[in-house]
2 protein chains.
Amino acid sequence: MHDNDAMAEIERPDLAADAAPAFSPLYQQIKARLMRSLQQREWKPGEAIPSETDLAQRFKVSQGTVRKAIDELAAENHLTRRQGKGTFVSTHSAVQTQYRFLRLTPDGGGSARLQRRLLECRRMRASPALSQSLQLASGESAVQVRRLLLDGESPVVLDDIWLPGPLFAGLDAERLAGWRGPMYGLFESEFGVRMVRAEERLRAVAADAEASRWLAVPVASPLLEVERLSFTYGDRPVEWRRGLYHTAAFHYRNDLQ
Amino acid sequence: MHDNDAMAEIERPDLAADAAPAFSPLYQQIKARLMRSLQQREWKPGEAIPSETDLAQRFKVSQGTVRKAIDELAAENHLTRRQGKGTFVSTHSAVQTQYRFLRLTPDGGGSARLQRRLLECRRMRASPALSQSLQLASGESAVQVRRLLLDGESPVVLDDIWLPGPLFAGLDAERLAGWRGPMYGLFESEFGVRMVRAEERLRAVAADAEASRWLAVPVASPLLEVERLSFTYGDRPVEWRRGLYHTAAFHYRNDLQ
DNA sequence: ACGCATTTGTTCGTATGTATT
DNA sequence: TAATACATACGAACAAATGCG
């Protein structure tokens, strides 16, 4: 009836780790409550959350149980632990986590040092496809941002970014151009929207006239197309992005384990 | 009354012998010893390792310390825990982890169900570049495998795979063609080489004549090039692979967190 | 410069729950 | 049902890093 080797075992629906139906371990419940506090911005990106002993008292559980909850949140990059200092809400502005989602790497090694050049920032009516991706009500507005990333003088990435209009009220070219640091840092601190995870889809495509112009490559050159759907708390999609990468001197790096 | 960890350190000065830098937490030392056992195939892929209590006795530490070591090894995909059954050495043959490194996904969703077609398997002198990548002695032999992955009748991936010749003695077309299941499963069970992690580099390239023929696309079509360097225990590189993906109906999926 | 309090990190021990055989 | 193994939970103590007075 049961298979006895390692290959059995798969058929179970195996409910997701964070969805907590009727009965879930205490630490999972604590984890869910901490996630809720993060979502409600009780503690903001960069700030410290209460100490483990404080939280244990608040939730009336042992410190070890809080610890296990925090462990998982730290493993998922929601929180960052610092021995002797405390546990902090992760932020895309922290130097060590800047450009956390950018996998572009120079072929020679090292990490990319790219300049940004803002090309466009405008408000538009969301297309049906975009409304679908970002779960917008029909007819809702969107912000479109177009920009280049350059290695010195040579353009490497052409990004088109779409955001829900209402969520990013007040976002315009001036605001973007004046911001020093990663765009996701701006979103966090100015609009209260923190990107917590993203799904990327990669393809090879041929450069069209526009991409050819901006990236300074011949029409029909092969380009790496990177589509990205980014999510904030509660698995809510809040950014759709399409990047075209010129992968002559750079590549997209991915570590598998 | 009981040992604190300083005393434990004195009782077992040999613990830090290989990897651990002088003083490291006990559970890290246990983790290193477990890794060594995995590397030496004391327990083989798919097999169960001793229970946590057994290991605790063997290493003369508490069960909780062993648990923390195993936790990390499980998080790194070296081990797989199954409640009530035991802890098992991960294997690429297990159904739930088959094609763990393959990120190719049909655009419509679901998971890829691709046929394999072996095109070539031959022994060759390793090129200098390959020797460099696989850390081979100069003049050492390599095995080259070329194959197609097909979705029904339409080719999707052209893979070229290079392996260290001595490590894969006896690997030939017949052996490959006769094997049912993932290639990495064959490597594990027939050659004792388990891939534990890999680094991929992605680029967009133009199809050359050969790629065009095998993938049934026009010359100069954009293709997704996926270079992969795979490592076994001890960070030893044991496979170099170049895949050309035709990303018309498929894409390379990557989840960022 | 030093010591102290705070906070996370490590280790132990114990008990109980849950899944598997 | 019983035995085994992993999973959860609690409590306690000490270590190590940090920051402050």
Side-chain angles (χ1 to χ4, degrees), chain A residues 1-15 17 20-32 34 43 47-75 79-89, chain B residues 1-12 15-16 20-32 34 43 47-75 79-89:
Chain A
M1 144 183 192
H2 279 111
D3 295 329
N4 60 354
D5 84 338
M7 313 209 5
E9 202 60 34
I10 338 86
E11 305 303 336
R12 310 185 7 228
D14 196 46
L15 28 128
F23 300 105
S24 71
L26 246 189
Y27 80 91
Q28 288 286 359
Q29 300 174 36
I30 304 301
K31 183 185 171 189
L34 291 172
W43 316 298
E47 290 180 4
I49 72 171
S51 75
E52 293 177 355
T53 46
D54 281 359
L55 290 170
Q57 286 187 336
R58 175 190 303 198
F59 295 137
K60 298 198 168 50
V61 299
S62 75
Q63 183 250 10
T65 301
V66 170
R67 183 166 187 77
K68 182 148 186 178
I70 292 179
D71 278 345
E72 290 205 352
L73 291 171
L79 298 174
T80 304
R81 321 191 72 141
R82 288 188 213 133
Q83 187 175 21
K85 298 181 75 171
T87 300
F88 298 78
V89 182
Chain B
M1 147 107 202
H2 281 106
D3 299 0
N4 59 21
D5 29 344
M7 294 173 65
E9 196 85 47
I10 292 165
E11 285 180 26
R12 288 180 243 80
L15 273 183
F23 295 105
S24 70
L26 251 186
Y27 79 91
Q28 289 285 0
Q29 301 173 37
I30 303 302
K31 184 183 169 188
L34 291 173
W43 317 297
E47 290 180 5
I49 71 170
S51 74
E52 293 178 354
T53 45
D54 281 359
L55 290 170
Q57 285 188 337
R58 175 190 304 194
F59 296 137
K60 297 197 171 51
V61 300
S62 75
Q63 182 254 4
T65 301
V66 171
R67 183 166 186 77
K68 183 150 185 178
I70 292 179
D71 277 346
E72 291 204 353
L73 291 171
L79 298 174
T80 303
R81 324 190 70 140
R82 300 208 190 104
Q83 187 176 174
K85 297 181 75 172
T87 300
F88 298 78
V89 182

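From a predicted model like this one, the values you see are computed outputs, not experimental measurements. Chain naming here is simple, since letters A, B, ... match the order of the sequence lines and numbering starts at 1 in each. Because only heavy atoms are used, hydrogens play no part in the values below, and waters and symmetry mates are left out as well, while side chains stay in.
Scanning for side-chain hydrogen bond (donor to acceptor under 3.5 Å, both in side chains) contacts around A:Thr65 gives A:Ser62, with sequence neighbours left out. Scored by the side chain to side chain contact (heavy atoms under 4.5 Å, CB included) test, B:Gln83 finds no partners at all (sequence neighbours excluded). Residues satisfying the salt bridge (Lys or Arg N to Asp or Glu O under 4.0 Å) test with A:Arg58, not counting sequence neighbours, are A:Glu42.
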For nucleotides 2-5 of chain C, give me every protein contact, N/O to N/O, under 3.5 Å, one pair per line with atom names.
none

What are the atom names and distances for every N/O pair under 3.5 Å that joins the protein to nucleotides 19-21 of chain D?
| residue | atom | partner | partner atom | Å |
| --- | --- | --- | --- | --- |
| D:dG19 | OP1 | A:Lys85 | NZ | 3.3 |

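Spacing between atom CD of B:Gln83 and atom P of C:dA19 amounts to 6 Å, rounded to whole angstrom units. The distance from atom CG of B:Asp71 to atom P of D:dA5 is 18 Å, rounded to the nearest whole Å. If you take OH of A:Tyr27 and P of D:dC10, they are 13 Å apart, rounded to a whole angstrom. Whole-Å rounding puts the A:Leu26 CG to C:dG17 P distance at 13 Å. Here C:dG9 presents its P atom at 11 Å from CG of A:Leu79, a figure rounded to the nearest Å. D:dT18 atom P lies 15 Å from atom CZ of A:Arg81, rounded to whole Å. The nearest whole Å value for the distance from the NZ atom in A:Lys31 to the C1' atom in D:dT8 is 15 Å. Atom CD in B:Glu52 sits roughly 19 Å away from atom P in C:dG17 (whole-Å rounding).
The shortest non-hydrogen separation linking B:Ala69 to B:Tyr27 is CB-O, 3.4 Å.
Residue pairs that meet the salt bridge (charged side-chain N to carboxylate O under 4.0 Å, His left out) test with at least one member in residues 65-75 of chain B, sequence neighbours left out, are B:Lys31-B:Glu72, B:Glu52-B:Arg67, B:Asp71-B:Arg81.
Taking OG1 of A:Thr87 as the start and CG of A:Leu34 as the end, the distance is 10.0 Å to the nearest 0.5 Å. Summarising the geometry, atom CD1 belonging to A:Ile70 is positioned 5.5 Å from atom CG belonging to A:Leu55; distances are rounded to the nearest 0.5 Å. With values rounded to the nearest 0.5 angstrom, B:Phe88 atom CZ is found 5.0 Å from B:Arg82 atom CZ.
In the region residues 63-70 of chain B, proximity to DNA chain D at under 4.0 angstrom, judged on heavy atoms, holds for B:Arg67. Listed by residue number, there are no residues of residues 53-62 of chain A with a heavy-atom contact under 4.0 Å to DNA chain C.
Side chain of A:Glu47 to backbone of A:Val89: no donor-acceptor contact under 3.5 angstrom is found.
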